[in-house]
Amino acid sequence: MIFYLLFATLLIAMTYTRVAPVFVFIFLFLFSALRSGIGWDYYSYYSIIENTKVGFFDHNFERFSIFWKFLIDSSNELDEPQVFFIIASFLTIFFIYKGIRSERKKPELLICALFPMFYLASFSTIRHALAVSFVFYSLNYLKEKKIITWLLLVFLATYFHFSALISLLFIIPAYYPIKKTKYMLIMLVAVYILISTDILISVEYVVNNYLGQYSKYLEKDNFGSKITLLYIFIAFIFIYFRNKLIAKNENNRLYVDIYLYGVILVIVLSQFGSVLMRLSSYFLIFSIVVVPEISRMFTGKNKILVNLLTVFFLVGIFIGYLFLIKDTENSDARYVPYKTILQ
């Protein structure tokens, strides 16, 4: 755990000093790329690389897209499995970095790194994380109304992970923005009431009986319900500042509304931990843009206070997330302690 505390401390120091944003990018890249045995699927991917190297048939390899097959084959050609993780880590952080339009970038990268379900989650859901990162980057084209380019990029993102198709729903807030904040509040309450019934039983039945290979993603756990409360809390903060954010920059409307649609998705899928994480993250990732925008609305001592509260909040949930997943993960794929390939 000390290694992660040091990681968070260094990252915060880099964010609030004159260190160039590119160095924060490099720091995040190296921390991810040099990890060893960290993440639930790390050894699974490692085994796939090793199996294909010696010619063993691996059904997981066969279901991968051409991009991931190329990356695995390249790792085998170089006789270094870690190449797979290095390239995946670089691309994941790179598209987040390029997708942030703010010149400062550092507050956004800080939130991305410390907020649950983004950076640390990318150590486990490698293919999915790259798809989320690429979708995040592609939104800039949707904001500019370059719909064909955006659609092509979303289609390309499915080569990283098929779940990227869920981002097609971004068209709704992009072209049919919510006019009144109160309607979003009503929608959140209505969905919560709806989901408190057994309406999802039919969804579970269809998946289990007709899409059996995906049934593992509907396994219920306590993690989904715990993280849902956090996302709902943040949603109400965004709703409170929504009009001021839009007045400051019209692009903030799309960021906030996509996040709020994501919270609705979180509520719907809260009883399904794995599905919740994979699908909602395409929407919730945009919180890394909204939070710094709220902070920039303040000046003087109020700004310092808001930044301090944000940092303490982020560090708290960062450490809490580590303890939470520490209790649920497999013993052979721990996040704690952090290990590198250099050890």
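All values reported here derive from a predicted model rather than from experimental measurement. For the numbers below, each heavy atom of this structure counts, side chains included, while hydrogens, waters and symmetry mates do not.
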Are more than 12 heavy atoms from other residues, nucleotides or ligands located less than 6.0 Å from atom [atom1] of [X]?
X      : atom1 : answer
Lys69  : NZ    : yes
Tyr175 : OH    : yes
Lys301 : NZ    : no
Phe23  : CZ    : no
Phe64  : CZ    : yes

Do [X] and [Y] sit in the same hydrophobic cluster, where Ile, Leu, Val, Met, Phe, Trp and Tyr count as joined when their side-chain heavy atoms come under 4.5 Å apart?
X      : Y      : result
Tyr261 : Ile246 : no
Val19  : Phe31  : yes
Phe85  : Phe70  : no
Ile288 : Phe312 : no
Leu114 : Ile2   : no

Considering non-hydrogen atoms only, spot the tightest contact between [X] and [Y] and give its length.
X      : Y      : answer
Pro173 : Asp257 : CB-CB, 3.9 Å
Asn249 : Asn251 : OD1-N, 2.9 Å
Val263 : Ala235 : CG2-CB, 3.8 Å
Ile38  : Tyr42  : O-CB, 3.6 Å
Val256 : Phe238 : CG1-CB, 4.2 Å
Arg127 : Tyr45  : NE-OH, 3.0 Å

Would a 4.5 Å heavy-atom cut-off, applied to side chains only, mark [X] and [Y] as touching?
X      : Y      : result
Phe84  : Tyr46  : no
Phe298 : Leu305 : no
Ser133 : Leu91  : no
Tyr4   : Tyr321 : no
Val24  : Tyr97  : no
Lys248 : Phe241 : no
Val315 : Ile12  : yes
Ile258 : Tyr282 : no

To the nearest 0.5 Å, what is the distance between [atom1] ([X]) and [atom2] ([Y])?
X      : Y      : atom1 : atom2 : result
Leu284 : Phe118 : CG    : CZ    : 5.5 Å
Ile239 : Ile234 : CD1   : CD1   : 12.0 Å
Ile341 : Leu34  : CD1   : CG    : 5.0 Å
Asp41  : His128 : CG    : NE2   : 12.0 Å
Met297 : Leu245 : CE    : CG    : 5.0 Å
Leu168 : Trp150 : CG    : CH2   : 5.0 Å

Quick one: does NZ or CZ of Lys106 land under 6.0 Å from the six-membered ring centre of Tyr16, within 45 degrees of the ring axis?
->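 Judged by the rule (NZ or CZ under 6.0 Å from the ring centre, within 45° of its axis), Lys106 is not positioned above Tyr16.
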Test log, rule side-chain contact (heavy atoms from CB on, under 4.5 Å), inputs Phe25 and Lys98 | CA-CA 10 Å; Phe25 161 75; Lys98 295 298 290 185; over 6 Å; no
Determine, stepwise, if the pair Phe170 / Leu142 fulfils side-chain contact (heavy atoms from CB on, under 4.5 Å).
-> CA-CA 9 Å; Phe170 292 176; Leu142 183 60; 3.8 Å; yes
[Y] backbone acceptor or donor facing [X] side chain under 3.5 Å:
X      : Y      : result
Ser75  : Val83  : no
Gln82  : Arg35  : yes
Trp68  : Phe160 : yes
Ser32  : Leu28  : no
Asn307 : Ile304 : no

Hey, would you say the Phe134 and Phe95 ring centroids sit under 6.0 Å apart?
->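 Ring centroids of Phe134 and Phe95 are less than 6.0 Å from each other.
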Under the side-chain contact (heavy atoms from CB on, under 4.5 Å) rule, what do Phe318 and Leu120 come out as? Steps first, then yes or no, please.
-> CA-CA 9 Å; Phe318 177 72; Leu120 286 183; 3.4 Å; yes
Electrostatic pair Glu293-Arg296, nearest N-O below 4.0 angstrom =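 Looking at Arg296 together with Glu293, the answer is yes, because their closest N to O distance falls below 4.0 Å.
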Under 3.5 Å side-chain donor-acceptor pair for Ser124 and Tyr335 =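 A donor-acceptor contact under 3.5 Å links the two side chains.
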Will you find, in the side chains of Thr125 and His161, an N or O donor that is under 3.5 Å from an N or O acceptor?
->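 There is no such pair between these side chains.
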For the pair Leu260 and Ile264, evaluate side-chain contact (heavy atoms from CB on, under 4.5 Å) and give the outcome as yes or no after the intermediate values.
-> CA-CA 6 Å; Leu260 295 178; Ile264 293 174; 6.0 Å; no
For residues 14-25, pull every pair meeting salt bridge (Lys or Arg N to Asp or Glu O under 4.0 Å), keeping only residues two or more places apart or in separate chains.
->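 Qualifying pairs, neighbours excluded: none.
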Kindly determine whether Tyr119 and Phe123 satisfy ring pair (Phe, Tyr, Trp, His ring centres under 6.0 Å), including the steps that lead there.
-> CA-CA 7 Å; Tyr119 182 69; Phe123 293 4; 5.2 Å; yes
Going by side-chain heavy atoms closer than 4.5 Å, which hydrophobic residues are tied to Tyr159, directly or by a chain of links?
->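 Tyr159 shares its hydrophobic cluster with Ile66, Phe155.
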Given ring pair (Phe, Tyr, Trp, His ring centres under 6.0 Å), test Phe29 with Phe90 step by step and report yes or no.
-> CA-CA 6 Å; Phe29 160 62; Phe90 175 82; 5.6 Å; yes
